[in-house]
Structure formats: structure tokens, C-alpha cells
Participant: 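Submitted below is the structure of interest, expressed as C-alpha cells.
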Amino acid sequence: MAATAPQESSELSYEQSLQQLEALVARLEGGDIPLEDALRDFERGVLLVRHLRGRLDQAQQKIESIMAAENGEAVAQPLRLDEDADAHD
């Protein structure tokens with residue numbers, strides 16, 4: 001299988017980065033790739049994880065700025081996920 005040159009992480013949307021990371025994980029878990037390819041895929045995966053964390057941090061900062069109190073201070077509130085909401089109901 002010929003590999004295409006991956007896009008720079010900074011050019012990818014969150015969803016595109018996540019799809020690429022999932023594909024890399026599946027390929028690595030398959031175990032049928034040469035060591036050099038596995039190392040390259042692992043390195044790419046680390047870059048994608050860093051990019052994803054950065055995008056999540058940006059989203060969190062934006063949410064905090066939207067939720068800013070009247071005095072201008074950001075109000076950090078924990079984000080309740082569906083599973084968290086179910087556990088508290």
C-alpha cells in the first residue's frame with residue numbers, strides 16, 4: 001500500500017485529526033507493518049495527539065471566555081458530558 005504524504009496537523013480540523021489518529025491506531029494494533037513504518041506511524045500519532053489537545057484547550061478557553069462573568073473574569077465550570085449527567089440523575 002503506497003502511503004500518501006500526511007497533511008500538517010495544523011491544517012487539519014479536529015475531526016480529520018481524530019480520524020487519522022484512529023486509522024493509525026488500527027494500523028499499529030494490526031501488527032502487520034515493518035518496525036520503521038510502525039515508528040513513523042507512532043511519531044505521527046504523537047503529533048496528532050498534541051494537535052488534538054491543543055484544539056481542545058482552545059475550545060475550552062473559548063467556552064470560558066463566553067461564560068465570562070460581568071466583571072470580566074472567566075468563570076470555569078466543569079463540562080458535563082452525557083454520561084456524567086446520567087450518573088447524577
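Note that the structure is predicted; figures quoted are calculated from it, not measured. Atom set for the values below is all heavy atoms of this structure, side chains included, hydrogens, waters and symmetry mates excluded. Starting from 1, each residue takes its place in the sequence as its number.
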Participant: With rounding to the nearest 0.5 Å, note down the distance linking CD in Gln20 to NE2 in His51.
Facilitator: 9.5 Å
Participant: Under 4.0 Å between a Lys/Arg side-chain N and an Asp/Glu carboxylate O for Arg40 and Asp37?
Facilitator: yes
Participant: For Ala59, which residues count as a side chain to side chain contact (heavy atoms under 4.5 Å, CB included) partner, sequence neighbours excluded?
Facilitator: none
Participant: Would you say Leu39 ends up clustered with Leu48 if hydrophobic residues are merged whenever their side chains have heavy atoms under 4.5 Å apart, either directly or through other cluster members?
Facilitator: no
Participant: Exactly one of Ile33, Val46, Val25 should register a side chain to side chain contact (heavy atoms under 4.5 Å, CB included) with Asp41. Which one does?
Facilitator: Ile33
Participant: Using the test side chain to side chain contact (heavy atoms under 4.5 Å, CB included), find all partners of Leu18 that sit at least two apart in sequence or belong to another chain.
Facilitator: Tyr14, Glu22, Leu52
Participant: Show your working on side-chain contact (heavy atoms from CB on, under 4.5 Å) between Glu11 and Gln16 and close with a plain yes or no.
Facilitator: CA-CA 9 Å; Glu11 297 174 358; Gln16 291 170 324; over 6 Å; no
Participant: Of the non-hydrogen atoms in Ser17 and Leu12, which two are nearest, and what is the gap between them?
Facilitator: OG-CB, 3.4 Å
Participant: Considering residues, nucleotides and ligands other than Asp57, do more than 12 of their heavy atoms fall under 6.0 Å from its CG?
Facilitator: yes
Participant: Atom CZ in Arg55, atom CD in Glu15: separation rounded to 0.5 Å?
Facilitator: 8.0 Å
